[in-house]
Amino acid sequence: MVKNSFISVISQEEKEENKGSVEFQVFHFTNKIRRLTSHLELHQKDYLSQRGLRKILGKRQRLLSYLSKKNRIRYKELISHLDIRE
């Protein structure tokens with residue numbers, strides 16, 4: 001399992017400034033989801049990790065729906081950068 005194989009879309013300066021922004025939180029959850037998914041490919045019966053994955057997926061889904069309601073342009077840019085949905 002490779003931990004740091006995910007490409008950072010958000011620059012280092014933006015990470016320092018906007019840790020509470022919706023984009024950063026979705027980016028962070030996406031990296032966690034990808035790590036957990038690769039972990040679960042090796043360990044199919046790790047039910048606690050499956051539960052954690054479902055919780056993170058729900059949080060990311062709620063944040064993305066919030067962002068799509070508030071600012072559709074930022075939402076479209078974010079999902080295109082992260083290659084999620086559509």
message: Return the CD1 to CG distance between I33 and L40, rounded to the nearest 0.5 Å.
response: 11.5 Å
Exercise answer: donor-acceptor pairs, residues 58-66 side-chain atoms, under 3.5 Å, sequence neighbours excluded:
residue : atom : partner : partner atom : Å
R60     : NH1  : T30     : OG1          : 3.3
S65     : OG   : Q61     : O            : 3.4
S65     : OG   : R62     : O            : 2.9

statement: So NE2 of H43 and CG of L48: to nearest 0.5 Å the spacing works out to 13.5 Å
field: Heavy-atom pair of closest approach, residues R34 and I84
entry: NH2-CG2, 4.4 Å
statement: Residues N71 and R74: closest non-hydrogen pair is ND2-CD, 3.0 Å
- prompt: Going through the checks in order, is the side-chain contact (heavy atoms from CB on, under 4.5 Å) test met by L67 and L78?
  reply: CA-CA 10 Å; L67 186 61; L78 183 64; 3.9 Å; yes
- line: Residue pairs meeting side chain to side chain donor-acceptor pair (under 3.5 Å), one or both in residues 44-56, sequence neighbours left out, come to H39-D46, D46-S49
message: So which atom in K19 and which in Q25 form the shortest heavy-atom distance, rounded to 0.1 Å?
response: O-CG, 4.2 Å
